[in-house]
J.: 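Below you'll find the structure I mean.
Atoms within a ligand are numbered from 1 in the order they appear, just like the ligands themselves.
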Amino acid sequence: MAQFEEVTHSKVLVTGAAGFLGSHLVDFLLKKGHQVIGIDSFQTGSPAKLEHLENHPKFKLISHNIQTPFEGLGLENIDQIFNLACPASPIHYQKDPISTLKTCFQGIENILELAKANDIRVLHTSTSEVYGDPQVHPQPESYWGNVNPFGARSCYDEGKRVAEALCYAYQEKYPDLQIRIARIFNTYGPRMAHSDGRVVSSFIGDALAGNPIKITGDGTATRSFQYITDCIEGLYRLMNSDYPAPVNIGNPGEFTIREFAEIIVDMVAELGMPKVPITYLPRPADDPNTRKPDITRAKEVLGWEPTVNLKDGLVETIKWHMEQSK
Ligand code: NAD
């Protein structure tokens, strides 16, 4: 039985608004009729992702780092906060791991303090990385994960885990505080930066440029790919549900990296471009071997499941990448 209840015309704060997911969420919320305030430090995002909203009467963008408290920004009469601010790609979150940890911990602490003081509902975006290199497949929310606490990926994986722990601690201490946690799995779509090193944008970027697709490892590792519109619908439903524990938001379709690379090569070749070769590079440390969400909980409590199949989502994504390079 779904527990999702649509809330109309509220005032919503989106942190990380100028990022990939954030900019799509802002568009979605405005279309629903909400008033939206976006916050971003522009560490990995860019105001260009929101420039189509420059004169939108219901949207405002504030430059702010969530590691700093929100006093003085006039955010007291907000109804909901979606916390998306955090670099999500390994090349970005590993550039300044101490800052990544601060964004994860101090960032959500500042948000929870603002929420507690003003009775604001919070949705925190966690990640499938909390499952690390999983020993359970597919991954249900009840799985505790297999994460290296002392390595190159720890700033993000453990940062996201400690953020969930802080959400839990606040919920225990302040039972009236409404907190939702989305464990998002690999999401792709238009507006994902070309150069951010994530598998979808890297493969598409290389194939369109006529360069070989570079797989790290032997290509047998698996990933699940969720299209952006499915993810945003899932986040919205979770925010407006009464479910207090983490929920996986991902697409359970599972592909080896090699299969995925071959799909991209073929799709780009179908557009009349040369068929690029696939090359193999050493696998990065602690790279997870498998990844696939168990979405039983999301189906039950949100009445949600992904609706966009991989090829349809990739058509839109490739189209966007081609427009960018014109
Ligand atoms: P992104 O890098 O495109 O966007 C993140 C945004 O947050 C950027 O605009 C960046 O400038 C901003 N930001 C970073 N640190 C900040 C800070 N301290 N203060 C204010 N703004 C800050 O990443 P994304 O893919 O849009 O991811 C959004 C959220 O979803 C992240 O929290 C990420 O961990 C989570 N997530 C994403 C995926 C995915 O596949 N895209 C998967 C799992 C979880």
J.: Hey, looking at atom 28 (C) of ligand 1, which of L84, L235, L50, D40 has the closest heavy atom?
T.: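 Going through L84, L235, L50, D40 one by one, L84 has the nearest heavy atom to atom 28 (C) of ligand 1.
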
J.: Between D133 and R291, is there a salt bridge with N-O shorter than 4.0 Å?
T.: no

J.: Between the side chains of E270 and K311, is the shortest nitrogen-to-carboxylate-oxygen separation below 4.0 Å, so that they form an ion pair?
T.: no

J.: Who gets closest to atom 36 (N) of ligand 1 by heavy atom: Y93, Y156, F20?
T.: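 Minimum heavy-atom distance to atom 36 (N) of ligand 1 goes to Y156.
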
J.: Less than 4.0 Å between a side-chain N and a carboxylate O, is that true for E164 and R161?
T.: no

J.: If you measure every N or O of I39 against every N or O of ligand 1, does any of those distances drop under 3.5 Å?
T.: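 Among all N and O atoms of I39, none is under 3.5 Å from an N or O of ligand 1.
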
J.: Answer yes or no: is there an ion pair linking E300 with R297, defined by an N-O contact shorter than 4.0 Å?
T.: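 Between R297 and E300 there is no salt bridge, as every charged N stays at least 4.0 Å from the carboxylate O atoms.
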
J.: Checking the N or O distance criterion of under 3.5 Å, is ligand 1 in contact with T127?
T.: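 No.
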
J.: Is S126 close to ligand 1, meaning an N/O of one under 3.5 Å from an N/O of the other?
T.: no

J.: Counting both backbone and side chain atoms, is some N or O of N186 under 3.5 Å from an N or O of ligand 1?
T.: no

J.: Within the structure, does S128 bring an N/O atom to less than 3.5 angstrom of an N/O atom in ligand 1?
T.: no

J.: Would you mind checking if D266 and K275 are paired as a salt bridge, meaning a charged N to carboxylate O distance below 4.0 Å?
T.: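 The answer is yes: the pair qualifies as a salt bridge.
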
J.: Taking the minimum heavy-atom distance to atom 22 (C) of ligand 1, which of A182, S41, G38, G189 ranks first?
T.: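 Shortest heavy-atom distance from atom 22 (C) of ligand 1: S41.
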
